[in-house]
Amino acid sequence: DARVTQTPRHKVTEMGQEVTMRCQPILGHNTVFWYRQTMMQGLELLAYFRNRAPLDDSGMPKDRFSAEMPDATLATLKIQPSEPRDSAVYFCASGFGAQGANQPQHFGDGTRLSIL
Amino acid sequence: TQLLEQSPQFLSIQEGENLTVYCNSSSVFSSLQWYRQEPGEGPVLLVTVVTGGEVKKLKRLTFQFGDARKDSSLHITAAQPGDTGLYLCAGVRGAQKLVFGQGTRLTINP
């Protein structure tokens with residue numbers, strides 16, 4: 001079965017450090033989503049891309065977070081500088097279609113980020 | 001304020017019992033999705049309901065979308081330990097963001 005691949009699976013680093021999380025969407029999918037999951041807030045959408053173009057990043061703190069899709073097989077989410085409140089599990093999901101979020105989304109297994 | 005409220009947040013029952021999980025909102029959604037998430041993994045889509053009043057069945061799981069498309073329920077018949085997990089509902093407004101509920105953490109005891 002095709003899967004969304006996220007790396008690294010775990011990341012522990014000190015506050016102030018740059019963190020880069022990577023996602024390989026399912027081949028052929030044209031939409032990529034970044035989510036953050038915490039116990040307090042649940043699953044929150046940070047940003048999403050269609051055909052590599054950013055469509056919505058209103059859920060993402062702009063001062064320290066950035067999301068890009070350098071090519072169709074790679075999406076990145078960067079945090080610089082990182083803060084302890086950024087500790088969470090970050091999920092990437094991909095899908096196919098022209099209906100925005102109203103399409104089945106296939107999730108990766110997440111990057112568990114801990115900022116000390 | 002959570003746009004989608006799920007209840008209960010936690011549920012622990014014995015194998016063989018029936019249960020219902022609710023997903024409620026004051027907002028109308030164009031569609032609603034249900035996911036199940038297991039520890040250390042991402043959510044996996046179970047079903048999408050689109051039409052008000054729609055009922056979909058997936059083996060022992062029955063999903064219903066409210067007539068006004070503001071709420072949904074998930075009913076599990078004769079629960080099994082393999083049903084244990086975090087159940088998430090997610091609503092779509094127009095063609096925009098998918099908004100998730102906080103989830104219902106379900107434990108089925110053998």
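Below, chains carry the letters A, B, ... as their sequence lines are ordered, and counting in each starts from 1. Atoms considered below: every heavy atom in the structure, side chains included; atoms not considered: hydrogens, waters and symmetry mates.
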For [X], look at atom [atom1] and say whether over 12 heavy atoms of other residues, nucleotides or ligands are found less than 6.0 Å away.
{"X": "B:Gln9", "atom1": "CD", "answer": "no"}
{"X": "B:Lys59", "atom1": "NZ", "answer": "no"}
{"X": "A:Arg64", "atom1": "CZ", "answer": "yes"}
{"X": "A:Lys11", "atom1": "NZ", "answer": "no"}
{"X": "A:Leu116", "atom1": "CG", "answer": "yes"}

Do A:Val19 and A:Met15 belong together in a cluster built from hydrophobic side chains that touch within less than 4.5 Å?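 The answer is yes; both residues are in one hydrophobic cluster.
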What residue, out of B:Pro43, B:Gly103, B:Gly40, has the most heavy-atom pairs lying under 4.5 Å from chain A?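 Between B:Pro43, B:Gly103, B:Gly40, the count favours B:Pro43.
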Drop me the distance from B:Phe100's CZ to A:Tyr35's OH, to the nearest 0.5 angstrom.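 Spacing of CZ (B:Phe100) from OH (A:Tyr35) equals 4.5 Å.
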So, taking the atom named CG in B:Leu45 and the one named CD in A:Gln105, what distance separates them when rounded to the nearest 0.5 Å?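 Between B:Leu45 CG and A:Gln105 CD, I get 9.0 Å after rounding to 0.5 Å.
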Checking A:Gln37 against B:Gln37 for the side-chain hydrogen bond (donor to acceptor under 3.5 Å, both in side chains) test, could you report, in this order, the C-alpha distance in whole Å, the side-chain angles of both residues, the deciding distance, and whether it holds? CA-CA 12 Å; A:Gln37 187 175 40; B:Gln37 184 178 16; 2.9 Å; yes
Contact summary for B:Leu88 and A:Leu43, nearest pair of heavy atoms: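 Looking at all heavy atoms of both residues, the shortest contact is CD1-CD2, 4.4 Å.
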Heavy-atom distances under 4.5 Å only: say whether A:Arg112 touches chain B with side chain, backbone, both or neither.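 Neither; nothing under 4.5 Å.
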For A:Glu44 and B:Val99, indicate whether the former's side chain and the latter's backbone hold a donor-acceptor pair under 3.5 Å.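 A pair under 3.5 Å: no.
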Between B:Gln102 (side chain) and A:Gly42 (backbone), is there a donor-acceptor pair under 3.5 Å?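 Side chain of B:Gln102 to backbone of A:Gly42, a donor-acceptor pair under 3.5 Å: yes, one is there.
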